[in-house]
Amino acid sequence: SAVISQKPSRDICQRGTSLTIQCQVDSQVTMMFWYRQQPGQSLTLIATANQGSEATYESGFVIDKFPISRPNLTFSTLTVSNMSPEDSSIYLCSALPYQTVSSYNEQFFGPGTRLTVL
Amino acid sequence: DAKTTQPPSMDCAEGRAANLPCNHSTISGNEYVYWYRQIHSQGPQYIIHGLKNNETNEMASLIITEDRKSSTLILPHATLRDTAVYYCIVRVYSGAGSYQLTFGKGTKLSVIP
């Protein structure tokens, strides 16, 4: 299993500023992901954070707006740049542990970061 | 990944079984059915998954129809703590495309005292 923590848990930011969200996993994982959950909506995948290379972004998300780092196998950051009120969402980090013979591809999620942009 | 259809909401009396349906009529032969749930203000939590056989674990049972076009998640004795949004997801098990989870709108289950 994997326990995921995120910092900050919530923040209120001004329009035009940037916020970096940190994601820490308590064990090495193969893949890490960032999701967005807008108010009252389901989760949408932003990107896959690749260790040692550039993140892979889903349609509608770009690196300039959501730069992602993954310096090692347990840590990743997501930056929300030049924020507007439309960026107010919950941002969730997710991780996929290394597969074992008895594993079943379970993905673990962090508690989320609740961002409000004024 | 195949799309899924779930009822937007359901109620269940505390202590009774909660049966949550999911339609996935376009599921491919190599796609599994996964269930996750999201309790308010938390990240999603894995519940169970299956291919074609019925599965059971300490949390729930998963019943998949023989043609695999639909499934039902069963919480045998629902408690107030089971109040959450339940997501049915189908995806391949391994290899390319197996890692991303595509979340639909899910079913909001309310367990009533």
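Numbers restart at 1 for each chain; the letters A, B, ... are given by sequence-line order, proteins then strands.
- Using a distance-only test at 3.5 Å, with no hydrogens or angles considered, a donor-acceptor pair links the side chain of H24(B) to the main chain of R68(B).
- The closest donor-acceptor contact from the side chain of T72(B) to the backbone of I63(B) lies at 3.5 Å or more, if one exists at all.
- For the residue pair R36(A) / Y91(A), no side-chain donor-acceptor distance below 3.5 Å is found, with atom types taken as modelled.
- The line from OG1 of T48(A) to CZ of F33(A) is 5.0 Å long, rounded to the nearest 0.5 Å.
- A donor-acceptor pair is defined here as one N or O able to donate and one able to accept, closer than 3.5 Å; no such pair exists between the side chain of N23(B) and the backbone of T4(B).
- Across K108(B), R16(B), R37(B), a single residue satisfies salt bridge (Lys or Arg N to Asp or Glu O under 4.0 Å) together with D82(B), and that is R37(B).
- Proximity to chain B (any heavy atom under 4.5 Å) is shown, for Q6(A), by neither the backbone nor the side chain.
- Here Y46(B) and Y36(B) bring their ring centres to under 6.0 angstrom of each other.
- Follow the hydrophobic side-chain contacts under 4.5 Å out from L45(A) and you reach M31(A) in the same cluster.
- For S94(A), no part lies near chain B; criterion is any non-hydrogen pair under 4.5 Å.
- Using non-hydrogen atoms only and a strict 4.5 Å limit, the part of residues 108-118 of chain A facing chain B consists of F109(A), G110(A), P111(A), R114(A).
- For residues 56-90 of chain A, the interface with chain B (any heavy-atom pair closer than 4.5 Å) comprises E58(A), sorted by residue number.
- Considering all non-hydrogen atoms of both residues, I74(B) and N19(B) come closest at CG1-OD1, 3.2 Å.
- There is a side-chain donor-acceptor pair under 3.5 Å between T65(B) and D67(B).
- Taking P44(B), G104(B), G43(B), G106(B) one by one and counting their heavy-atom pairs under 4.5 Å with chain A, the maximum is reached by P44(B).
- Only the side chain of L92(A) comes within contact range of chain B, with heavy atoms under 4.5 Å apart.
- At distances below 3.5 Å, at least one donor-acceptor pair connects side-chain atoms of Q6(B) with backbone N or O atoms of C88(B).
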